[in-house]
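Sequence lines set the chain letters: A, B, ... in the order given, protein chains first and strands last, and positions in each chain run from 1.
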Number of protein chains: 2
Amino acid sequence: MTNKHKSSYAISKQLLQRLPLYLNFLKNYADKDGYVSAPMIASAMRLNEVQVRKDLAAVSSTGGKPKTGFATEQLIRDIEKFLGYDNVDEAVIAGAGRLGSALLAYSRFSEYGLKILMGFESDEKLIGTEIAGKQILSIDKLPDVCKRLNIHIGIITVPAESAQEVCDKMIAGGIQAIWNFAPIHLNVPDHVLVQNQDMAASLAILSKHLREKLEKKEEV
Amino acid sequence: MTNKHKSSYAISKQLLQRLPLYLNFLKNYADKDGYVSAPMIASAMRLNEVQVRKDLAAVSSTGGKPKTGFATEQLIRDIEKFLGYDNVDEAVIAGAGRLGSALLAYSRFSEYGLKILMGFESDEKLIGTEIAGKQILSIDKLPDVCKRLNIHIGIITVPAESAQEVCDKMIAGGIQAIWNFAPIHLNVPDHVLVQNQDMAASLAILSKHLREKLEKKEEV
DNA sequence: CGCTATATGATAAATATTTCACATAATAAT
DNA sequence: ATTATTATGTGAAATATTTATCATATAGCG
């Protein structure tokens, strides 16, 4: 057995980012005779074969069989378990604009063990309404509600101007991890985790990569 | 001068991901007397001081002044230039559901040198309508339109089931880079760049980090 | 039943990225 | 002016991550 002390190993961030991709691939892997091999996955996903093998070794509970590979279904379960998709985590959203609504309505979160319970807004017209069956409450209630329900994940989809203010409210409510869509740097105490998700920046990175690739082509 | 051969240096992906964060920070940096220093940024953003210094050195056209730092406005311009926010790139979206609409309406893309021209849909009810002033056309027209307008960035916000099909249409239309929100692995030829953006997975990663942190706290 | 092809798992090498440590430059205060 | 302080920039060390190599195992086939 390879992974006795799994939890004490440091899991690299990159691995963590690859695992969902494996999961997507495996779930849509059609010609499954029940097994997949690392070289197989590697070539389909254009990754290094050894890397895939190591990644799988890090999460697989059973290991693979030489010449055969890994049992697909088991592997999917192992990755899901590893990523904690079996624990349900509860989250709230601040900001019920277009992006906030999209996230509130995004049903796939549940597959990942995540449940967005409700939204918070400052816009009077939205308070009291429902989006995708989820209540929209006044932003002022955020700290109390989070505290009472013991929610520790917050999603910020408000405009940059009010993001810090909302962030402070979340922290007051005991939120421990924030997924921040506002294009602004948030100041938080040490114990709070922030993951930034600036959409515009992500797209910009893509276009930057593209431009580089085109330039390289010209050079040759 | 430090960066004579800037363009021939390999820019690390991590740097590319940090630059937009610097930009956000700098743009909202209030008590600007006109200058910022690397140690300053580092402590505010909780990064290593040397890393910030190296990052800035890689993009700054003028360099910094000892004891003073970098001219804030110039630095902002340098980062924007470096990221290509001055070149306008055009893109299209396939899928005008909630997420697609949110992106179509997201005005900040323009600040990043990105322009989303229109959306494509298969849903008859949406075809012919406008979202945020942008036309929604039939998905069947995608290849032609892209080819004719010479657009090379495509954004996929359709359900996983139809993502590959849409992807193929984009490739047929000469799209070179794809920003994929569908939770599925896309098969593309070598020359096409795919950046995956599985929202659910991103949030899952956040919650995984959080759980690890909580576990570590328990161990101690 | 042995041979071949292919996959795993592990150790080692190569890369990439981050951090440290120090030499140098410029500001501000005595 | 001289000195203390603080920032830059850079080469070297330390880490982290990816890739290469190889020994071992097993399924399938003659």
Length of the line joining [X]:[atom1] and [N]:[atom2], which is rounded to integer Å:
X     : N      : atom1 : atom2 : answer
A/K13 : C/dT18 : NZ    : C1'   : 12 Å
A/E49 : C/dA7  : CD    : P     : 8 Å
A/L16 : D/dT17 : CG    : P     : 11 Å
B/Q14 : C/dT18 : CD    : C1'   : 10 Å
B/L56 : D/dA7  : CG    : P     : 13 Å
B/Q17 : C/dT17 : CD    : P     : 11 Å

Once side chain to side chain donor-acceptor pair (under 3.5 Å) is applied, do any residues pair with A/N150, and if so which ones, sequence neighbours excluded? none

For B/D168, the side-chain contact (heavy atoms from CB on, under 4.5 Å) test, sequence neighbours excluded, returns B/Q164

side-chain contact (heavy atoms from CB on, under 4.5 Å) partners for B/R77, two or more places apart: B/E73, B/Q74

Salt bridge (Lys or Arg N to Asp or Glu O under 4.0 Å) pairs touching residues 100-112 of chain B, sequence neighbours excluded, are B/R108-B/E111

Which residue pairs satisfy the ring pair (Phe, Tyr, Trp, His ring centres under 6.0 Å) criterion with at least one member in residues 90-110 of chain A, sequence neighbours excluded? A/Y106-A/F109

Nearest-nucleotide check on DNA chain C, B/R18 vs A/V36; residue mapping nearer the 5' end is A/V36

Sequence-aligned protein contact record of nucleotides 20-30 of chain D, with B where the base is within under 4.0 Å of a protein heavy atom and S where only the sugar-phosphate is: BB---BBB---

Of all the choices, C/dT17, C/dA7, D/dT8, which nucleotide is nearest to the side chain of A/S37 once you look at every atom? C/dA7

Going by heavy atoms in the side chains, are B/F181 and B/L103 under 4.5 Å from each other? yes

